[in-house]
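To start, the structure itself, in structure tokens.
Just so it is clear: chains get the letters A, B, ... in the order the sequence lines come, proteins before strands, and each one is counted from 1.
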Amino acid sequence: MAKIMIVDDAAFMRKVIKQMLMELGHEIVAEAANGVEAITIYERIKPDLITLDITMPEMNGIEVAKELRKINPKVLIIMCSAMGQKTMIIEAIQAGAKDFVVKPIQKDRLHTAVSKALS
Amino acid sequence: MKSVQHLHHVVSKVGADVLLGYLGLNDHAHAQRELSFQVVNKEVSVIIQMVGQLGGQVILSMEKATAREIVSSMMGGAVVQELDDLAWSAIQEFANWFVSAMAIEFSDQGYDFDIAHPIVNEGRSILHSDQTYILVPLESSCGKFEIYSSIKWREAG
């Protein structure tokens, strides 16, 4: 079981991801609706893993991933975005994401990504 | 600007991908294509801006009954009586899936763009613009949608 923070500007997606992760036995220790909030909460809570949306107000997920890597180079990030173009996936991985899950999220796919990142 | 037929093809394909592939809903893209300087919004419209090698705006417009059916499908069949904050968020996300699927399709054709946070308009209205919109009506088992697209391609130099 991991302590996970969910970062997504859509309340609906935070609820969906939270439900999936809890069903997989993980604990949701924090939620953030934008990148700035995510960085502030991360520094305080230091979760084991973060699911991170890309298209968000204030600061997009790619920028957030780069900032989080400055704070902790070993931070575990899984990008969750509908913007699944090859260029976007490459950019996310280069920014430090361990995996990229394309929305709408399938529970099995999320489970695989989380397990792989934590192993 | 690329042809109206080309955009119609992309919207139709994306409609099938999102409605059938993501939500398990049958869909049908009407052949009708209209060029208009007006967007006639139904009860619920979601507006998404695109910026990049391809720029413009996509508007998904539908009646509230259709929106409730879509949210219900997204929530695994839960009954949706009214559009509360969570339902509005789901409708925004649905539009996000739709335009993101367009982004993937166009990216495969060499045009990359980012999308902005979706904006929801509740209530019927008419949007007047100096931009030309292409209207592609889609029909699904959830109800009818109208997809208005105003897109400019920036040819690679």
Q. Counting only heavy atoms not in B:Q38, do more than 12 sit closer than 6.0 Å to its CD atom?
A.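 Enclosed.
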Q) Got a sec: does the CG of B:D108 have more than 12 other heavy atoms crowding it under 6.0 Å? A)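 Atom CG in B:D108 is crowded, with more than 12 foreign heavy atoms closer than 6.0 Å.
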**Q.** Euclidean distance, A:N60 CG relative to A:N34 CG, rounded to 0.5 Å
**A.**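 Reported to 0.5 Å precision, the distance equals 12.0 Å.
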**Q.** Reported NZ-to-NZ distance for the pair A:K3 and A:K46, which is rounded to 0.5 angstrom
**A.**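 Result: 13.5 Å between the selected atoms.
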Checking heavy atoms, do the side chain of [X], its backbone, both or neither come under 4.5 Å from chain A?
X	value
B:F113	backbone
B:E93	side chain
B:N96	both
B:A87	neither

(Q) Counting heavy-atom pairs closer than 4.5 Å to chain A, which one of B:A101, B:S89, B:G76 comes out on top? (A)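 Of B:A101, B:S89, B:G76, B:S89 has the most heavy-atom pairs under 4.5 Å with chain A.
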(Q) Given heavy-atom pairs under 4.5 angstrom as the criterion, report whether the side chain, backbone, both or neither of A:M56 touches chain B. (A)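 Neither part.
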Q) Hey, are the side chains of B:V58 and B:I147 touching, using non-hydrogen atoms and a 4.5 Å cut-off? A)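 Yes, their side chains come closer than 4.5 Å.
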